[in-house]
Novice: 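Quick one: the structure is below, questions incoming.
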Amino acid sequence: MSQLSQTEGQLLELDRLAVTFYTPRATVRAVRDLSIEIRRGEVLGLVGESGCGKSTAAFAIMGYLPGTTRVDGSILFEGRDIAHMGDSDLRELRGNRIAMVYQDPATSLNPSMRIGTQVQEVLREHLDLDSKQVRERMIELFESVRLADPEAIGQRYPHQLSGGMQQRVVIAMALACDPLLLIMDEPTTGLDVTTEATILDLIVELKDRVNAGILFVSHNLGVIARVADRVAVMYAGEIVEQATVGELFKNPRHPYTAGLLSCVPRPPGDDGIERKLSSIPGSVLDAQIEGGESCLFADRCPLAQDACTAQVPPMTDLDGHLSKCLFPDDVHSGIWGESQERNKELIPEEPIPVLNAHSLRKFYGRERKKYLFFGPPVQQRVRALIDVDMKVGTGRTLGVVGESGSGKSTAAKTIVGLVPKDGGKLELRGQNLADGVQHRSKEQRAAMRMVFQNPTASLNPKLPIRHSIIRALRKFAGLSRDESRERAEQLLEAVGLDPSYLDRPPSELSGGQQQRVALAGAFAASPDLIVADEAVSSLDVSVQAQVLNLLEEHQRESGNSYVFITHDLGVVRYVSDDILVLYAGHVAEYGPSEAVLGSPSHPYTEALLSAAPIPDPEATQNQIRLEGSVPTLHSAFKGCFFAGRCPRKIGDICDTSAPPEQAGSHGEGHIINCHIPVEELAIIQQQPFQNGVSVT
Amino acid sequence: MAIEELDSQVTTGGANALLKGASRKVRRGLSIALRTNSGRIGFAIVAFHLFLAIFGPLLAPYSPTDFTSEDLKIRLTGPSMEHLLGTDGFGRDVLSRVVAGARSIIWISFIGTALGITLGTIVGMTSGYIGGKIDQVVMRGVDVFLAFPGLLLALLVINLGVQRIGIDLWPSKEAWLIIITIGIAFMPANSRVIRSAALAIKPLEFVQSARLRGESSFYIIFREVLPNIIPVVAVEASIRVSFALLLTAGLGFLGLGVQPPTPDWGLMVSENREFLSIAPWAALAPAMAMASLVVGVNLLTDGVREAAQLPISQEAS
Amino acid sequence: MTLLAVSLIIFSATEFLPGDAASVMLGQQATPTVLENLRHKMGLDRPAYARYLGWVIGSPEAEGAVFKTNDGGSTWKRVALDMIAPMTRTSFDDSKIGWAISEKRIYSTEDGGVRWRRQIWTEDSLNAIAFADAENGLVVGEDGIVYRTTEGGFLSKDQGQLLCAGSTCEEELLSTWNPVESGTELALTDVAFVDINHAWVSGDKGLILFSTDGGLTWGRRDTGVEARLLSVSFIGVDEGVVVGENGTILMTTDGGMTWQRSVSPTSLRLNAVAFAEDGTAWAVGDEGTMLRSKDGGVTWTQLGFQIPLTSALRAVSFDGAFGAAVGAEGVVLTTTDNGDSWGRQEILDSDDGSAISQKVTTTRPLNGLTVKVSESGDVSAWATSDEKVWQWGLLGGDLGVSPRSGVSIFKMVKTGLRNSAILAVVAFLVAVPTSLAAGVWVGVHPDTKLDRLLSQGSLLTISLPEFVTGILLILIFSSWLEWLPSSSIMLPGEAIWSRPEVLVLPILTITGALFAYILRMARSNVIEVMNSEYVRTAILKGLPMHRVVIRHVLPNALLPTITVIANNVGWMFGGLIIVESIFAYPGIGRLLLAAIDTRDIRLLQSAALAIASVYAFSNLVADLLYGALNPRIRVT
C-alpha cells in the first residue's frame, strides 16, 4: 500500500507553538506552548480537559485557523513550516499528505451530497486516476474501514447512515490518499460506547496497516490508553507531561496527570479496597488570562509551593519522560487523596422501598390504520419500555445503563411523570404515583426530584440562578421569600459554591458550577429520591468526580436514594448498589452491582463491559464487539430483543420467542433475560472471546 | 385645536408609560443593540421620527391642513426661506405637512405591530408549548392566513369596512381598521416564528424542571419560556415595524389610509404626483421622510438582530 | 385545500362585514327597488352557504335565449344574448312588442326581442303567457296562479336605475300585473286568450278553466280526464282543442262548455296544440309526434317525416298559413302552406356578441314559440329556450359577469393576471440571477468593500417603499431625461408587449426591492454555510476554494434562498398592486383597485382570490422545491 521512503526521523515537529486569537472583546491564548513530535507509524495521544487547546492545536497543524490569529513557533511537517505556508501549498498537503478525522461526523459530512461523491472528490483532487480507478479505490477504502456493502454506501446521503458508519466514512475519506499524518480530533466522542469500541479497534488496526503518524486528540483517558503509543498531556494550552503510554499511566510525573487519573472511577484494585474518587478543585485557567511567570497549574495543585508561582517550570527530561513540574519526583499516588478507602456504609434496608416500579410500560407513536378507513391497524408503536421492574431502597443507588436508544431516559421521564406510562405500576414509599407530574401531590413532587444531563439547559439562561432554587423552596417547603433566600444560600454553600452566586445569570458559571446549582435545586426540597439522568456525562473528569462526590456525600448525610442513569460503566460501577441494564426498552439484566458486573452476565452486559474503555493500557478485556445500533422494536415484535446484535446467539429460538427470566448466579434479586441457561453462560464467559468468534 | 392638544397628550402619555414599563432587560438589549454602528444610527433616526411624531404638530411652522385663498396664490412654489420645502398644490407648507405627517404613520404602524406581535407571541407560544391537536389546528389556520399578502388583506378589510362601519372613532375609523388589519396580517407569520422559537425551548431541561416543580402551563409559558424568546420577539417586532410602515404608507398612497386633509406621507406623495415634473419637492419630501424612517428602522433591526444573535435567514417567513 | 379556505376567507371578508354589500355598491341614492334588484342579481337573497357554494362550485342556472327569424323561417338567429333568465314562453302582439315569461319573472320587449325589460318579479312559478291584444294579457302558473293585466303590463314608465348585463336590462317599471283568484290550486299549464273577453286555461288532472270577462273571474270545467293537460288552443270563441299527457286530446265546439274526448292515435305526451288558418288543428308531442286533424279535432292522423324525428316537439304555432314547430335539441320545423309540407331549419347560436359569422347550430331545447305575420306579409317568429346549464363557479373557472360593467370577470382577471405575470416574470428573470450571483460573491467575501457597498445599498433599497422608488424613477427617467413613458396606460385591446418601453420603469421598481432582498438572504445563507463543519471538511480535503464554493456551499446555501424566493412570488404580487397603481399598468393589482373604486364586489372577490391563489400556489411550489432539493426530506 505504501511505497514511501522509510526515512527515520520526525514526520511532524511542533516547536513552541502558540496560537492566539484576537476578537474585538478579548485576546484568547488557545495554545500557549506546545512542542511535540510525531514519527511515522506512531500514535501520539493528546489528552486534557476541555478548554486546554487540544482542538486548536489539531487545526493549527492543518493550517486552518480562521479569523484574526497569531501563530508563534513552528509547525514543521517533513521539514516544511505549515504555519507560514501559502494557500496552494497547503491545499497540496490537506487531504493528501495530512488528513483529519473530526469529532462530529454528522455535521462534518455535507448533508446534501452523496457519500460516494464526497469521497471521490478527494481522490480526484489529489490523485491522477480515471473514474473507474476512483470508484475502485473508493470501494477499497470502504472495505478497509469495514463498511458493509461498500457499493451501496456510496449512493447514500449522510443522514441515512448511523453515527458509527458516518465516522467510518470520514476515516475512509481521510485515508483516501494514503496520508503520512492523520489527525483525529475526538473521533469517538459522541458515539455510543459499543460503537466507540469498534471505531477504536479500527484505529488500532489501521495503525499497524497504514504507516502513518497519528495525532489522537481526546479528553478520555480510557480511549487514549487503548490507542496511543505515546501520550502528551495538555493543560491550559501547554504540554505539561509527555511519555509512553505505559509509563504515563503507571507512573505520572505531573500532578495534573496524576489528578486526571485519580478522577476516573475504576474497579477496586487487587487489594480489594475501593478507593475514594478524588477530584481536582477549581477549573482550567481561562484562556483569556495572561500566564505570566508562573506554573499555570499552581492554583489547583496540591504540591504547589512558592517556587511554583515564581517561575515558569522548565520541561525536564526524566529518561524520555518529560514533565513540566518543578517537583516531578514528589508526584506519587496519594497526592490527590485517592488512596483513602471509600467510606460506604449502607443504611439498613426498610421494608417499603422508596421507589417501586412494576411492569412499567411505555410506547411511542400511535397505532395507525394502514388505509384511512379500512384494513387492520398497523403496529406502529415503538417499544420504549417493556415490563421494567425496579426497586430502590432507602439510601441506595440504582444505576441504569444502556446505549442511547435503550430506554434509559424514557424510564427516568416516566418515573418522574414527564411522560405518562402506558402500563404497570409506580409506587413511591408504597403510595401509588399518578401518571403525569401534574396529577401528583405536592408531597410526591417534593419527594422525587430530577437532575438533567445538560447543566447549561437545566437552568433558565434568562433568570438568575436563585430562580430555580428559591422557586423549589417556596413551592415545596412553603418558605417565605426571606427564609427561602437564606436557605438557598446555605444550599449553595453545601454544593461548594459561594452564596453570592445566587444573583448571577447562569452564563457566568462553568458547566460544573451550573450542575452543582442544579443539584442544590434538587436538594432543596430534601427529596427521598433523586433521578439523575446522565447528570455527569457532559462534565470533564475532574468536575465529574466533584459532582459524584457531592452526590455521595449528600446521600450519606440525608439518606436519600438515587436512580442514576448513565452510559458510563465506570461511573455506574462506582455509584451503584444495584444495576439495571436496559436494551431497546427491555430489561437485559437486573441485580446487585457486583452480581451484574461479575460473571455470568447477560451477553449485552458482557458486551458493554468489554467495550468500556479502561484508563489502563495494560488492562485486558474481552473483545466482544457489537456492530450497528440499538434497533427500534415495534410492539408486534417477537423474539429476543437482543437477538439482532447478540454475539452469543444460539439459534432460531432467539428470533422467535421472548427470552425467559432466569435467576442469576447471585440468587434472588439477580435477573438475566436470556435463552441461554445461566450455568452455560457461566461456562462460556470464562473463555476468551476474540473478534466476534466465541471459542467454546 | 382642542383635539390636537388631546392628541399629543395621549401620545406622550402612552410613550411615558411604555418607557416606564420597559424592563431592565429590554434596556440592556437595547444597549447591546446600540453597540453596533447600524444600531446607533438606526436608533438616532427612529428617535428623531418619534420626536416628530410626538411634537411634530407643535413644531410645524404653518398649519398642515388649512389653506386660505392667499395660500392658493403661492401654490407649488419652490423651496424658499418662508417655505423650506416649498408648497404643495393648495399652497400649504410642505415642511409643516411632512413634520405633522409623522404622527399618523408612526402611530398606526407601531400600535398595529404591537398588536400583531402580542397576539402572535401569545398564540405562537401557547400553540407551540401545548402542542398536539390544538397546535395542528392553529398552524393550519395560520397557513391559510399566510396565503394573503398583507396589502391585499388590508385592501379588502379597509375598503369594505370603512363604508360599513357607521360609528366614528378617534382619530379615524380608517386608522383603527389599518391597525387591526396590521395586527391580523402580522399575527400568523409572527406566531409561526414564535412557535418555532418556543418549540426549541420546550424540550429544554429547565422547562421540564419547572413542570416537575408542578408549575402551571401559564407560569411556564410566561415566566420560563417567554424570557428566552424575547430576542426573537424583539427582532420580529423590528422587522414587522418596517413592514407595517411600508404597508401603511402604501395604503395612504392608494388613498385608502387616513383621509385628506390629514397629512399622511403616502397620501401626500400620491396627491402631488401629478405635479412631479413642475414641483418635485411636494412629492419628494414626504417620500424621503418615509424612506429615512424605514432605513432607520431597518438599521435598528440589524442592530437588534446582532444583539439577539439571530441570522438574517430567520426572516424567511 | 388551502385555496378553499382562502376563498372562504375572501368570501367572508367581503360578504360578512357589517352592512349590506348591495347598498355598499350602490351608495346612498339607491332606491329600494333597485336595491332589491341588485340583491337578487348578486344572489344576496339566497342564504350565505348557497352563495358561497354557488361562487365556488357553481349552481344550476337556466340560460335563456330568444331566437328570431325575419325571413319567413329559413334562418333563425339568437337575438337576446347573455340572457341570464330562462325564457319559457313568449307572446307577441306584433313583430315589435312582445312579452315573455321566465320562471318567476315577466319581461317585455319593444324591439322585437333584442332588449328585454323586466316587468314583474313574482314569488310564483309561471308557466304560460297569452295576450289578446297589446293591452290585455294573462299569465298562468303553478298552484293555480293567474296574473292579469289590461294595460300591457305597464302602469308607469318612470324609470328606475338601469342595470344591465349584456343586452338584458333590468329596468324596474311599475307593473300592472295583478293576481286573480282562479279557484284552484292545481298547476295551470297553458292559456289561450282569444279576444279580450274569452280565455281558457289548461291544467293538471284534466282541469280546464274558462273566463268570459277577460280573465277577471274563472269558471271550472271538469273533463273526467285524470291526465295533466298541457296545451290549449282555440279558433274563434267556440272551437277549441286541449292536449296533454298520455296522448290525451279533448275538443269542444261550444266555447268550452262541454268537452269530448277524441280518439288519439298516440299514447305519448302531447305538448302543444295550435290551429292553422284553414281550421286544421295541429298537435305535437314527445318523440317527434305530430298529429293533424282536419275536422276541428274529432279525428286525428299521425304524420311521418322522411327523416324520423326522435326528439320531443314542444311547441307549435300558426299565424295565417305560416306555421312552425320547435322542440328539444334545437329542432325547428316550418311550413308556409298550412302544414302541408314542413321543412327543417337550422337555428344559429353564437356566444359572441358580435355579428353571427360563425354558423353554430344550436342544440338548445326550444320550448316556446310565437309566430306573427305582419300586415305586410312579413313573417316573424320567436323561439325561446330555457336550457338548464350548470353555471360553473370558481372550480370551473367561471367567475360570472361583473354586475357593474357587464364584462366576464374571468376575462378581466385573466388579462390582469397575464399582464402582471409579464411584469413579475421579467422582473424575476432580471433580479434573481444577478442578485444570487452578487449575494453569493459577497457571502464568500464578507467584509470587503464591495460587500459593504452592496449590503448597505440593499438595506437602503429594501427600505424604500415601492411608490418612492417608482416616483424617483419617473422623476429621473421620464421627467428629466425623458427617455421613458411615466405611465403604462394601454388602449383597449392593445397588447402589453406591443410597447415594451412601458414595461421598463415598473420592472425596475420591482427589481430594486427584489434584488436587495434576495441579495441579503443569499449573503446571509452563504455566510452561515461557510461557517459549517462540512465546509471546513471540504477545505481540509485540500479542495480549491472555487470548488468548495460551487460544490459544497452553493447547494446548501441556495436551498433556503430559493425557498425564500419562491415564497416571495406571491408577496411580489402584493407589491405589484402599488407599482401598477403608480404606472397605471393594466394588471391584476389595478383591476383590484378598480373594483374597489367602483365597489364591484364580485370583481373584487375574484381579483383578490386570484392574487391569493397565486400566492398560495407559489408557497406550494416553494415547499415542493424545498422537498425536491433537500435529500433529507426526499423519500428514498
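Values in this document were obtained by computation on a predicted structure and should not be read as measured data. Proteins come first, then strands; the chains are lettered A, B, ... in the order of their sequence lines, and each starts at number 1. Just so it is clear, the values below take in all heavy atoms, side chains as well, and ignore hydrogens, waters and symmetry mates.
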Novice: Measure A:Met100 against the heavy atoms of chain C and call it side chain, backbone, both or neither at under 4.5 Å.
Specialist: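 Contact with chain C is through the side chain of A:Met100 alone.
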Novice: Measure the spacing between NZ of C:Lys541 and NE2 of A:His126 and express it to the nearest 0.5 Å.
Specialist: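 Atom-to-atom, C:Lys541:NZ and A:His126:NE2 are 9.5 Å apart.
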Novice: So, for A:Thr117 and C:Arg551, which heavy atoms are closest and what is the spacing to 0.1 Å?
Specialist: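 Distance-wise, the nearest heavy atoms are CG2-NH2, 3.0 Å.
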Novice: Quick check for you: to the nearest 0.5 Å, what is the distance between A:Ile183 atom CD1 and C:Leu540 atom CG?
Specialist: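 The CG atom of C:Leu540 is 9.0 Å from CD1 of A:Ile183, to the nearest 0.5 Å.
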Novice: Hey, are the side chains of A:Phe59 and C:Arg536 touching, using non-hydrogen atoms and a 4.5 Å cut-off?
Specialist: yes
Novice: Go through A:Leu109, A:Asp87, A:Val170 and name the one with the most non-hydrogen pairs under 4.5 angstrom from chain C.
Specialist: A:Leu109
Novice: Not counting sequence neighbours, which residues clear salt bridge (charged side-chain N to carboxylate O under 4.0 Å, His left out) with A:Glu125? List them please.
Specialist: C:Arg547
Novice: Backbone N or O of C:Thr537 within a donor-acceptor pair of the A:Ser108 side chain at under 3.5 Å?
Specialist: no
Novice: Does any part of the side chain of A:Pro111, heavy atoms only, come nearer than 4.5 Å to the side chain of C:Asn556, both counted from C-beta?
Specialist: yes
Novice: In terms of heavy-atom contacts, does CZ of A:Arg70 have more than 12 from other residues, nucleotides or ligands at under 6.0 Å?
Specialist: no
Novice: Could you go through the side chain to side chain contact (heavy atoms under 4.5 Å, CB included) check for A:Arg91 and C:Leu543 one step at a time?
Specialist: CA-CA 7 Å; A:Arg91 259 208 323 271; C:Leu543 301 182; 5.8 Å; no
Novice: Heavy-atom distances under 4.5 Å only: say whether A:Glu92 touches chain C with side chain, backbone, both or neither.
Specialist: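 Neither part; nothing is under 4.5 Å.
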Novice: By ring pair (Phe, Tyr, Trp, His ring centres under 6.0 Å), which residues pair with C:His445, not counting sequence neighbours?
Specialist: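 Listed in chain order: C:Trp441.
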Novice: What option among A:Arg156, A:Met62, A:Glu121 has the most heavy-atom pairs under 4.5 Å with chain C?
Specialist: A:Glu121
